[in-house]
Number of protein chains: 4
Amino acid sequence: MSERKSDRRVLRTRQLLRNALTALILEKSYEAITVQEITDRANLGRATFYLHYPGGKDELLASSLEEMFDGLVKRLDSITHEDFLSDSNTLSLMVFQHAAENHELYRVFLSGQGAVTMTRQIRDYLARVIQKQFRQHKDDTLALEILATYMTGALVTLIGWWLENNMPHSAEYMSQVFSRLNSQGIAPLVKNTGNSET
Amino acid sequence: MSERKSDRRVLRTRQLLRNALTALILEKSYEAITVQEITDRANLGRATFYLHYPGGKDELLASSLEEMFDGLVKRLDSITHEDFLSDSNTLSLMVFQHAAENHELYRVFLSGQGAVTMTRQIRDYLARVIQKQFRQHKDDTLALEILATYMTGALVTLIGWWLENNMPHSAEYMSQVFSRLNSQGIAPLVKNTGNSET
Amino acid sequence: MSERKSDRRVLRTRQLLRNALTALILEKSYEAITVQEITDRANLGRATFYLHYPGGKDELLASSLEEMFDGLVKRLDSITHEDFLSDSNTLSLMVFQHAAENHELYRVFLSGQGAVTMTRQIRDYLARVIQKQFRQHKDDTLALEILATYMTGALVTLIGWWLENNMPHSAEYMSQVFSRLNSQGIAPLVKNTGNSET
Amino acid sequence: MSERKSDRRVLRTRQLLRNALTALILEKSYEAITVQEITDRANLGRATFYLHYPGGKDELLASSLEEMFDGLVKRLDSITHEDFLSDSNTLSLMVFQHAAENHELYRVFLSGQGAVTMTRQIRDYLARVIQKQFRQHKDDTLALEILATYMTGALVTLIGWWLENNMPHSAEYMSQVFSRLNSQGIAPLVKNTGNSET
DNA sequence: TCCTAAGCGAGACGGTACGTCTTGTCTTCCA
DNA sequence: TGGAAGACAAGACGTACCGTCTCGCTTAGGA
């Protein structure tokens, strides 16, 4: 019925490994981290690592990220079509907040040395969410895919910049800026000051 | 005045190495490429590699990218402030065109298996160009950096998507779409077809 | 008084392990055999192995050899001192016969790929038997140990040769040859055909 | 013409490894010696070891033994047929002396833990030398091979015993004993004391 | 008949050595 | 003098066994 003892032990071991990895990520570049270092930190044998993650570091990272993104996925699923169409910045706010909460890991794949695959996975996931929202809207004057890619690229890159610069603004502020740029474009900014020069 | 024989030989050797690297990049992930493989391809000794690029692969990559981007840099330098402020899509068009010309390498950098470092280098370079343009404009209502990051992220991601999908539209079309989204935002698209019509 | 069921079960388990080992020894070098392989063959858990033979493979091997040599020991014990002193080849004959009966295992021990340990055990055991016989005889003009070692070395090596060559002669013939060489030495052979004829 | 410098370096490296191995053999069982220990002792990298001996420890041991046996082979080749037929113990003396000179290595393969292959190689080599001598003598009343095997087994085993017991007698004494047993057999010893009992 | 201790299977775990791979340095030789 | 060739140290990799341990299942023998 309930989980067997050994199952719990396995889960605990994996959690130890995940924790060790995230701890190390705060200290040095992911690429520079050694399997030995991870297992030392987790007080486990190196062989044990390969028992659980035969694919090496990358598999452990993927597992850590998966764990982390479960939360984001749940939140984004709760966005209604109305939220999306309104000027509210619900979606981007959620993403910025989630990034703030898990900023160490986000930094890994959004800035410099992260596994490319991961960046793409998040980007593709967000692109799919956005496309789904637009599709309900039946807009096809412009290829949905291009639109979604445009938005996602800007959003993800912005989050990367934000984290790399140690979050100089609040998630709310960043989200507002993004939403404004996204819905009205940069024209208002340029025009306003541009005119004054005339 | 004129180059010495040995200088020319040195240049030739470096070119051989750069060519070997770019050739290999088309075949496999940058990370998986070995110094030995590069020198084998270039018919050079491994020691020779370190003679010219003591910093390892990354230094050679930087050198290769520099070579490739020289052209883009020159073109972008020719953009005047007026071009930039106008609704014209000069900048993005140039980037899309350059991407089309070097699409094999770009694809590697920007899509799936490329080295993150490269994506970042391109992005950072573009961000600097854009910031420079805005700075002349003295706009600081919004942090310039955020603005530049926003634009660059969207642009680079869009190029990546475009190449991954085998350039289904012309560079001109892509550039127009980008410019429109960038200057007016997505609001017009959403509003037009929206049911609320308010 | 009588064995408990669990005792019988223990005996059965040990027998399974011994059988598995001897079966594997016929297939591959003893050194190359793994505890896991033994327990797989015996349909037992690896932990069970260590339950019965905490000393590892070597302990199991010792146990297997003991089992096999029990028969030989009994027979050799029946040799009287008179038999030994007479020209009869009782001892060597028994050994050759026992080797013939267990030729598969003997071959492994004594020829090519066998474990040295085993060869030594057999040799040391025989050396002890021989010494015991001589000791009753109180002969110490020559160190008993040297004598016993000399005989045993020759005997065991000869058996090894015999098995490696697929027993080209009968055990009786081999035993006679050995006994003749052993009691009279090679001089008769050399002298007879020698040119000197002195 | 002369050896290249790098050749000399390679030879030096291999010599260092051989020396390290023989040094370690004096301290612990061959099986228990680790490649790491050998290279530590030789002040070399582990990878370097595999560069020269891809087959691992055993290949290094074989190489060490080969070096050692070169001397024995030369000496034995100088034995004339007359020496062999005479009662002199030239052959066995040479072997005992060689064993004394190289007792550390001999101990490795003749006693307990040595590589079986080696024991067999020496034995087979000696058997061939002995057979060659007998063959000139045209004696075939008894299969030469059996005779040679008999002698070699006794000789090699005796040397093993001698070394294991820290050479309690001189090589000359051992050789005499062996020769006497070999040419006249054990009968004289047994008969002499046997008769006295009657 | 239950129930309780033992034998056992399963497999996680720490540890150690393995043989391989790549990196970067250095030295020697050749053109 | 630039480059080829390649020996070498260093150190991470992933694999393979080892011996130990803990966990439950099964099953027999005494209650």
Side-chain angles (χ1 to χ4, degrees), chain A residues 4-14 16 32-37 39-40 42-57, chain B residues 4-10 12-13 16 32-37 39 42-57, chain C residues 4-14 16 32-37 39-40 42-57, chain D residues 4-10 12-14 16 32-37 39-40 42-57:
Chain A
R4 296 210 336 293
K5 275 270 174 69
S6 66
D7 284 356
R8 253 174 279 152
R9 197 177 171 198
V10 165
L11 291 179
R12 200 191 83 101
T13 296
R14 297 197 182 167
L16 284 173
I33 295 172
T34 275
V35 171
Q36 183 71 66
E37 287 171 330
T39 53
D40 281 358
N43 272 321
L44 290 170
R46 199 155 64 90
T48 306
F49 177 97
Y50 288 102
L51 196 62
H52 295 282
Y53 301 101
K57 279 197 299 182
Chain B
R4 296 205 338 288
K5 276 267 176 72
S6 64
D7 285 356
R8 253 175 279 150
R9 198 171 165 198
V10 166
R12 200 190 84 100
T13 297
L16 285 172
I33 295 172
T34 276
V35 171
Q36 184 70 68
E37 286 172 329
T39 53
N43 272 319
L44 290 169
R46 202 157 61 87
T48 308
F49 178 96
Y50 288 102
L51 198 63
H52 295 282
Y53 300 101
K57 291 197 287 182
Chain C
R4 298 207 334 291
K5 274 270 173 75
S6 64
D7 286 356
R8 255 175 275 150
R9 199 173 165 199
V10 165
L11 291 179
R12 200 190 83 102
T13 297
R14 297 195 181 170
L16 284 173
I33 295 172
T34 277
V35 172
Q36 184 69 67
E37 286 172 330
T39 53
D40 281 358
N43 272 319
L44 290 170
R46 200 154 63 88
T48 308
F49 178 97
Y50 289 103
L51 199 62
H52 295 282
Y53 300 101
K57 292 197 287 183
Chain D
R4 294 205 343 289
K5 277 271 174 69
S6 66
D7 285 357
R8 253 173 279 152
R9 198 175 169 198
V10 166
R12 200 190 83 101
T13 297
R14 297 197 181 168
L16 285 172
I33 295 173
T34 276
V35 172
Q36 184 69 67
E37 287 172 329
T39 52
D40 281 358
N43 272 318
L44 290 170
R46 198 154 64 92
T48 306
F49 178 96
Y50 288 103
L51 195 63
H52 295 282
Y53 300 101
K57 278 197 300 183

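Side chains are part of it too, since the values below use all heavy atoms of this structure and drop only hydrogens, waters and symmetry mates. The chains referred to below are lettered A, B, ... by the order of the sequence lines, with proteins before strands, and numbering in each begins at 1.
- In the set F/dA12, F/dC17, E/dC13, the nucleotide with an atom closest to the side chain of A/Thr48 is E/dC13.
- The nucleotide whose nearest atom lies closest to any side-chain atom of A/Leu44 is, among F/dG3, E/dG9, E/dC13, E/dC13.
- Minimum atom distance to the side chain of B/Arg46 is reached by F/dC8, of the listed E/dC13, F/dC8, F/dC18.
- If you check E/dG7, E/dG15, F/dC8 against the side chain of A/Ala47, the one that comes closest is E/dG15.
- Closest non-hydrogen pair, A/Thr39 versus A/Gly45, comes out as CG2-O, 3.6 Å.
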Exercise for the section: Given side chain to side chain contact (heavy atoms under 4.5 Å, CB included), test D/Val35 with D/Tyr53 step by step and report yes or no. Expected result: CA-CA 11 Å; D/Val35 172; D/Tyr53 300 101; over 6 Å; no
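- Checking D/Phe49 against B/Ile33, the closest nucleotide of DNA chain E that is more toward the 5' end is the one next to D/Phe49.
- At whole-Å resolution of the value, CG in C/Leu11 and P in E/dC8 are 10 Å apart.
- Taken residue by residue, residues 50-57 of chain C places heavy atoms nearer than 4.0 Å to DNA chain F at C/Tyr50.
- The line from CZ of D/Arg14 to CG of D/Leu51 is 8.0 Å long, rounded to the nearest 0.5 Å.
- For the atom pair CG of B/Leu16 and NE2 of B/His52, the computed distance is 9.5 Å after rounding to the nearest 0.5 Å.
- Taking CZ of C/Arg46 as the reference point, atom CG of C/Asp40 lies at 10.0 Å (rounded to 0.5 Å).
- Within 4.0 Å (heavy atoms only), D/Asn43 reaches sugar-phosphate atoms of the nucleic acid but no base atom.
- Atom CZ of C/Arg9 and atom C1' of F/dT27 are 7 Å apart (whole Å).
- The CZ atom of A/Arg8 sits 16 Å away from the P atom of F/dT22 (whole-angstrom rounding).
- Comparing C/Glu37 and B/Gly45 by the nucleotide of DNA chain F that holds the closest heavy atom to each, the one mapping nearer the 5' end is B/Gly45.
- The distance between atom CD of C/Gln36 and atom P of F/dC17, rounded to the nearest whole Å, is 9 Å.
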